[in-house]
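Reviewing the structure listed below.
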Amino acid sequence: MADKLIIFDTTLRDGEQSPGASMTRDEKLRIARQLERLRVDVIEAGFAASSNGDFEAVQAIANAIKDSTVCSLSRANDRDISRAAEALKGANSGRIHTFIATSPLHMEKKLRMTPEQVLEQAKQSVRFARNLVADVEFSPEDGYRSDMDFLCQVLEAVIAEGATTINVPDTVGYAVPELYGQFIKTLRERIPNSDKAIWSVHCHNDLGMAVANSLAGVKLGGARQVECTINGLGERAGNCSLEEIVMAVKTRKDYFGLEMNIDPVHIVAASRMVSQTTGFVVQPNKAVVGANAFAHASGIHQDGVLKARDTYEIMRAEDVGWSNNKIVLGKLSGRNAFKQRLQELGVMLESESELNAAFTRFKELADRKSEIFDEDILALVSEESVTQDKEQYAFVSLTQHSETGERPQASIVFTVSGKEVHGKSDGNGPVDASLKAIESIVDSGAEMVLYSVNAISGSTESQGEVTVRLQNSGRVVNGVGADPDIIVASAKAYLSALNKLQSKADRVAAQG
Ligand code: KIV
Ligand code: ZN
């Protein structure tokens, strides 16, 4: 049997821990479906015991996903593990991932536990989890900074209790490739029952080496599972990026010699979906999924690629889902052409009514913009899905006036729980005036910590995509809005961020 690398995606759990990246249950479900299309082996859907919202998201994903294993994180205690098992009940294939810190620093300062207590709790938790599900992963948090002898003792004990996967996190992104690879190798060599579990790597990107460290864990250490996120989303500098791992292992099969289940043609759509849902823009020079990843600007390169593509290209853009045919639709395109293009982009709308609503918006956009690019369609669909989530605030219309030497004025109409309201304000610029017009009604008390504009398809004809990050009472959220008019896009992004703040506040209130 071919040697296989398991791809474990944690966008919906570790990725979501990134400030502002929190997602609603329906957003997570959409991303989970895209991950299933991408054929990831394991989807870590959330941390069921952390909130009612997370529990519901894990449960919904467990019920909907058929082809990937669905996993919930849980701390190493009976309550968390029981909640995870409960949320995973409907899964075709469910996994409990339990963890406890093992580094001297974490045990002493964070857990205030002795190594003996940590060892006991790790064993007890894996035993408890194995009575509920057959597939149990154990992670020693801050594993890479743990004492080797102690780590060997803990990992040998949890394998004896039935852990089926052992994941070794570099929680703070401190590792370097050779040492991390050697670390995994030493663990596997020293632990007598190491062959009873699959070994997994989980690297953070604080020093920009998460992908390199993970690959070293695979090549030198013999790990056969990589934990990663779409676009490398994650706390601080992020996690190991799925698209980079997958394409490295695939492109350099000569070196790694490993098979994967992944169907890379869905990578770009997954990247877009995660970026548009979370408001974390992908840098243009990001490997595989950045706008420039396959663009050749220099004359020498262009000439070479035209003569023989592999002079300067090691992967084919189409293989990861970049379409050759960029201009796809226009105002004369029909519903079937629209539906087919959505399918080609890997977007499945859940119902006919969602498709109809998206098509209506496509026609509205096509009236204002002659060429509709794939990027426009993806933005439109992700906005459509957000609108379907019955949000508290929804954009209706905006007028604004700005003139050199005059203070800009804006009037906005939007709905609050379905009822139309009108706001007016002036401001430093038209965007400022429009957002203040919203605040003249909402008075949210939120502080704006980030505002960014991106041209979706790279020309002045394109839609502007705006991300707004708001902070209130310790909660941080991102809102995203797209429109050919960037002032309207800004208002939509602001309302979307207010909706997220509201839904977070509701979730906190529901937990008591
Ligand atoms: O980085 C980390 O240590 C984690 C564990 C919970 C697996 O995310
Ligand atoms: Zn992590």
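Start at 1 and go down the list; that is how both ligands and their atoms are numbered.
The closest side-chain heavy-atom distance from S275 to N231 is below 4.5 Å. In this structure the side chain of Q153 reaches within 4.5 angstrom of the side chain of L119, judged on heavy atoms.
Considering only non-hydrogen protein atoms, atom 1 (O) of ligand 1 sits nearest to H204 NE2, 3.0 Å. Protein heavy atom closest to atom 5 (C) of ligand 1, with residue, atom name and distance, is R13 NH2, 4.0 Å. Distance from atom 4 (C) of ligand 1 to its nearest protein heavy atom, with residue and atom name: H202 NE2, 3.5 Å. Counting only heavy atoms of the protein, atom 3 (O) of ligand 1 lies nearest to T171 OG1, 2.6 Å.
Between F47 and F99, the angle of the ring planes goes over 60°, which puts this pair in the perpendicular group of the 30/60° scheme.
Which parts of ligand 1 touch D14 is read off a 4.0 Å heavy-atom cut-off, strictly below it: atoms 8 (O). Of all the atoms in ligand 1, the ones that sit under 4.0 Å from a non-hydrogen atom of E141 are 3 (O).
Checked against a 3.5 angstrom limit, the closest N/O atoms of H97 and ligand 1 fall outside it. Considering backbone and side-chain atoms alike, S139 places every N or O at 3.5 Å or more from each N or O of ligand 1.
A salt bridge links R95 and E137; the closest N-O separation between the charged side-chain nitrogens and carboxylate oxygens is under 4.0 Å. Contact check on R33 versus E36 returns no salt bridge, with no Lys/Arg side-chain nitrogen under 4.0 Å from an Asp/Glu carboxylate oxygen.
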So E465 and Q463, side-chain hydrogen bond (donor to acceptor under 3.5 Å, both in side chains) or not? Walk me through it.
CA-CA 6 Å; E465 185 176 60; Q463 292 202 88; over 6 Å; no

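Remark: the T278 side chain and the N478 side chain contain no N/O donor-acceptor pair separated by less than 3.5 Å. In the model, N239 has no side-chain atom that pairs as donor or acceptor with a side-chain atom of T229 under 3.5 Å.
Listed by chain and number, the protein atoms of type N/O/S under 2.8 Å from the Zn ion (ligand 2) are D14 OD2, H202 NE2, H204 NE2; waters are omitted.
Of the residues listed (T102, T98, N167), the one engaging S139 in a side chain to side chain donor-acceptor pair (under 3.5 Å) is N167, and it is the only one. For the salt bridge (charged side-chain N to carboxylate O under 4.0 Å, His left out) with D54, the lone residue among R83, R13, K28, R25 that qualifies is K28.
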